[in-house]
Amino acid sequence: YNGVSARSIATRDLNMSDVLPSTTAAELKRLKAQVAQLEAELAASRELEQQFRQVQARRESHRQNTPAAVIFLYTDLRVVEGNAVGEEIFGYTEEEAVGANLLDMVVHEDAREHVDGVVAELLQQTGGTRSVNANLTKDGGRIICAWYNTPVTNDAGETIGVVSLALNVTKQHETQQALAQSEGVLRSIVEHAPDTIVHVDQNFNIQSINHVAPNYSREDVLGHPVTAFVAPQPRTLVQAAA
């Protein structure tokens with residue numbers, strides 16, 4: 001070491017900052033702080049990326065496994081993306097649907113005016129979140145769908161898109177129509193029957209009646225016990241049956 005002890009060399013290295021210019025020391029300190037900040041931002045970015053991937057995975061799982069058609073739209077109603085259920089309901093592949101106007105593709109002409117009103121309310125965020133209307137499939141078939149719509153907004157609260165869920169409720173709609181028709185037929189038969197037909201609840205209070213006796217109105221009869229309108233002699237039999 002040419003007469004210089006190891007201790008003196010170590011002492012000189014440890015005190016190197018004493019001989020550096022003050023501006024260089026300050027710059028080194030600033031750079032170290034910047035590196036630490038960048039490392040912290042990188043770690044936060046990685047955490048956000050991981051959270052984003054998890055959200056995307058859940059979103060994709062829901063999109064593909066929900067029993068409803070899931071359709072993402074721009075505000076002009078052009079399709080951004082869909083799912084397999086949408087292909088099954090309407091007959092269009094996602095490739096065929098993306099970029100096309102949803103209303104032009106699947107809304108029946110009989111329902112177009114109604115749906116245009118629904119869309120206007122939805123984009124203005126004043127309603128339009130639910131609708132049941134006639135739709136068309138790719139092959140021209142007529143179906144009934146229940147739609148559940150949600151506007152997508154930015155930080156300023158402005159509508160920038162729409163998410164729509166659609167369920168094919170054609171069978172349920174047909175069943176309801178058939179039931180309503182049957183009820184209408186039955187009501188007509190009861191109303192025109194020559195005999196008096198009374199419908200009572202479990203407490204034998206009159207719920208409906210097709211004919212009322214002279215000097216009585218329906219208000220006098222409905223809600224009252226049927227025994228109140230039965231002659232004394234057969235009243236005992238009616239009360240026993242009750």
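Side chains are part of it too, since the values below use all heavy atoms of this structure and drop only hydrogens, waters and symmetry mates.
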For Asn149 against Ser164, the heavy-atom pair lying closest together: OD1-OG, 2.7 Å
Quick check: are there more than 12 heavy atoms from other residues, nucleotides or ligands sitting under 6.0 Å from CD of Glu41?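 Above 12, so yes.
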To the nearest 0.5 Å, how far apart are [atom1] in [X] and [atom2] in [Y]?
X: Phe90; Y: Ile143; atom1: CZ; atom2: CD1; value: 5.0 Å
X: Ile71; Y: Leu165; atom1: CD1; atom2: CG; value: 9.0 Å
X: Asn205; Y: Asp201; atom1: CG; atom2: CG; value: 4.5 Å

Within the distance-only criterion (no hydrogens, no angle test), does the side chain of [X] pair as donor or acceptor with the backbone N or O of [Y] below 3.5 angstrom?
X: Asn135; Y: Ile144; result: no
X: Arg218; Y: Ile209; result: yes
X: Asn83; Y: Val70; result: yes

Between Asp76 and Asn101, is the side-chain contact (heavy atoms from CB on, under 4.5 Å) condition met? List the steps. CA-CA 8 Å; Asp76 60 3; Asn101 184 286; 5.8 Å; no
Does [X] reach the side chain of [Y], with side-chain heavy atoms less than 4.5 Å apart?
X: Trp147; Y: Asn133; result: yes
X: Leu123; Y: Val162; result: yes
X: Thr159; Y: Gln125; result: yes
X: Ile89; Y: Cys145; result: yes

If you measure from the Lys or Arg side-chain nitrogens to the Asp or Glu carboxylate oxygens, is any gap between Arg112 and Glu109 under 4.0 Å? no
Here the salt bridge (Lys or Arg N to Asp or Glu O under 4.0 Å) pairs for residues 120-143, sequence neighbours left out, are Glu96-Lys138
Would you tell me whether Glu158 and Thr153 have side-chain atoms, one donor and one acceptor, within less than 3.5 Å of each other? no
Do Tyr92 and Leu136 share a hydrophobic cluster, counting only Ile, Leu, Val, Met, Phe, Trp and Tyr and linking them when any side-chain heavy atoms are less than 4.5 Å apart? no
Contacts of Tyr216 that satisfy ring-ring contact (aromatic ring centres under 6.0 Å, His included) - sequence neighbours left out: Phe229
